[in-house]
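Below: one structure, written as structure tokens.
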Protein chains: 2
Amino acid sequence: MSDESSAALPPEPAVPTEPTRTTTPIASQRLGDMVADRIKDYIIERKLSEGDRLPTEQQFAEMFGVSRLSVREATRALGFLGILRSAPKRGLTIGRVDMDRVSTFLGFHLAMSDYPRTQLLKARMVIESGALAEAVERIATDDAVYQRLCALNDRLAGITDVDAFIAGDLAFHQALLASSQVGPLIAFGGLLEVFFRSFREELVHLRPEWAGGIESHRAILAALRDRNLNLARALLEAHLSRYFSRV
Amino acid sequence: MSDESSAALPPEPAVPTEPTRTTTPIASQRLGDMVADRIKDYIIERKLSEGDRLPTEQQFAEMFGVSRLSVREATRALGFLGILRSAPKRGLTIGRVDMDRVSTFLGFHLAMSDYPRTQLLKARMVIESGALAEAVERIATDDAVYQRLCALNDRLAGITDVDAFIAGDLAFHQALLASSQVGPLIAFGGLLEVFFRSFREELVHLRPEWAGGIESHRAILAALRDRNLNLARALLEAHLSRYFSRV
DNA sequence: TCTATTTATATTGTCAGATGATATAGTCAA
DNA sequence: TTGACTATATCATCTGACAATATAAATAGA
């Protein structure tokens, strides 16, 4: 792991295509980390892609001259990112990066950074507002998207429970973000959503303004349908700015 | 890992602060994945931060009713991202995300990334452009920040190696983003940076335009120092748009 | 001959028990 | 007080094993 400990370097495996590595600290990595590097190099050299088979854990263990469990430490790490997949009998295959998984774990780690809530709000405003530039055309031309957003917003009107309102409100915002079809932004917005559950207190106090918030959503949608990006942005930013007075 | 196998759910541990989890598939995760989730929750609930001690592997094993090796499968995964650190005698502590590690492993996997590069570019433009609204005042009033950014940019002029240029260019952009002091945006930019190492080819082809890029950086800084946010944004967006013709 | 079922095999998932390596705390002597 | 030594704690890695799961092969029946 990140801490370094002196591990005996396993003998160079008899892999003729082993590339020269000029940056690996030779004597200070854990075996598992070294194995992960070797597996990565194996994948790169053979230009493997998703679904391709890899050697088994036991074969890797023999290749690298380590125990199978040490190989597992590497494959677990790579699997955690989704890079590898494993199944009984079938063995190891190439996966694809699981951005949701990465985001989930990086996200809670970001939470530990104790970001001030003003920063969370600012980040949210940048992302949601910036995404509107990509969302506006789609909302204006694709009536199904527009209607779905309206439906999500209308559903808010009947909600009286604060947790349900939070969930509904976030769902609306996330759907709005999703209409941008910019995957990374959607993922980042999802990350930020984790923190906005902590704004529960604010939403309790803002209860008299819930109806106003629903109206704001409507106005934003109407501006987007009319392709008035600047107005939509201004309305969204004003809408999210309500929280600043509460933090 | 990503593949699911039916694992007997360990008995609910006697941890009174165990939160309710409504989204975990109960019977289809590997133990190591479940343990990773539990550790994540443990960290969240206790609001632990970097350097804080965690229970030992053996203690976690007893808490969760699994073997120590199963705990290690989880801690290895979390440690791989740098979220946990482990050392003999000392035990497990909270680390910080190891962006270099993440970068190395996500970077090689880029070809299989879910996100089209146009989306990555768009996300980057939203985040960096949006952050300027927060950065502008600081750059205009804090000469040390402005000078540091200028120095980073000047350093680019002497670089001829493409990898060094990438690193220097990204460092400039990250420092620009950092001057916004909006932590989440900085983190998201850091995540996106991982993917921009894959634009190596583009930068090779754009070599005749490196000097122009450096000039763009200068113009952006000058606009920010003059508090001309709209101009700075337009310049930044134009600067990043060069990549669109390459994807 | 084809299909369904059963059996065998392959490989990961998890465990118990153990030793080695590393780091920290405590003790003692100068 | 400082440095050296010893004891202790805990991770790092291993061997050996069985359980669980999935796939391939063999067999039986229509």
Exercise for the section: Could I get the full list of side chain to side chain donor-acceptor pair (under 3.5 Å) partners for B:Gln181, not counting sequence neighbours? Expected result: none
Completion exercise
B:Glu73 CD to D:dA12 P, in whole Å, measures 14 Å
Fill in the blank from the handout: Rounded to whole Å, the CZ-P distance (A:Arg68 to C:dT11) equals 11 Å
Problem - Euclidean distance, atom CZ of residue A:Arg76 to atom C1' of C:dT12 [Å, nearest integer] - result: 11 Å
Extract from the structure each pairing of a protein N or O with an N or O of nucleotides 5-7 of chain D at less than 3.5 Å, listing the distance.
none

Problem - Residue list, side-chain contact (heavy atoms from CB on, under 4.5 Å) with A:Leu69, at least two apart or on another chain - result: A:Ser67, A:Arg72, B:Leu69
Fill in the blank from the handout: Per nearest nucleotide of DNA chain D, the residue lying toward the 5' end, B:Gln58 or A:Arg53, is B:Gln58
Handout entry: Nucleotide nearest B:Glu57 (side chain, heavy atoms from C-beta), chosen from C:dA16, C:dG13, D:dA12
Key = D:dA12
Exercise for the section: Check side-chain contact (heavy atoms from CB on, under 4.5 Å) between A:Ala164 and all other residues, then give those that pass, not counting sequence neighbours. Expected result: A:Ile159, A:Asp161
Problem - Euclidean distance, atom CG of residue A:Leu54 to atom C1' of C:dT12 [Å, nearest integer] - result: 14 Å
Handout entry: Nearest-neighbour nucleotide for the A:Pro88 side chain, D:dC11, C:dT12, D:dC14 considered
Key = C:dT12
Problem - Exam field: side chain A:Asp52 to backbone A:Ser49, donor-acceptor pair closer than 3.5 Å - result: yes
Handout entry: Atom-to-atom span, CD of A:Gln59 to C1' of C:dA10 - whole angstrom
Key = 11 Å
Fill in the blank from the handout: Of C:dT24, D:dC11, C:dT14, the nucleotide closest to the side chain of B:Arg90 is C:dT24
Report all side-chain donor-acceptor pairs from residues 166-175 of chain A shorter than 3.5 Å, counting only partners two or more places apart or in another chain.
from     : atom 1 : to       : atom 2 : distance (Å)
A:Asp169 : OD1    : A:His217 : NE2    : 3.2
A:His173 : ND1    : A:Arg124 : NH2    : 3.4
A:His173 : ND1    : A:Glu128 : OE1    : 2.8
A:His173 : NE2    : A:His217 : NE2    : 3.2
A:His173 : NE2    : A:His239 : NE2    : 3.3
A:Gln174 : NE2    : A:Ile186 : O      : 3.0

Handout entry: Phosphate OP1/OP2 of D:dA12 contacted by B:Ser86 side-chain N/O (<4.0 Å)
Key = yes
Exercise for the section: Using the test ring pair (Phe, Tyr, Trp, His ring centres under 6.0 Å), find all partners of A:Tyr146 that sit at least two apart in sequence or belong to another chain. Expected result: none
Exercise for the section: Measure from the side chain of A:Thr56, starting at C-beta and using heavy atoms only, and say which of C:dT11, C:dT24, D:dC11 lies closest. Expected result: C:dT11
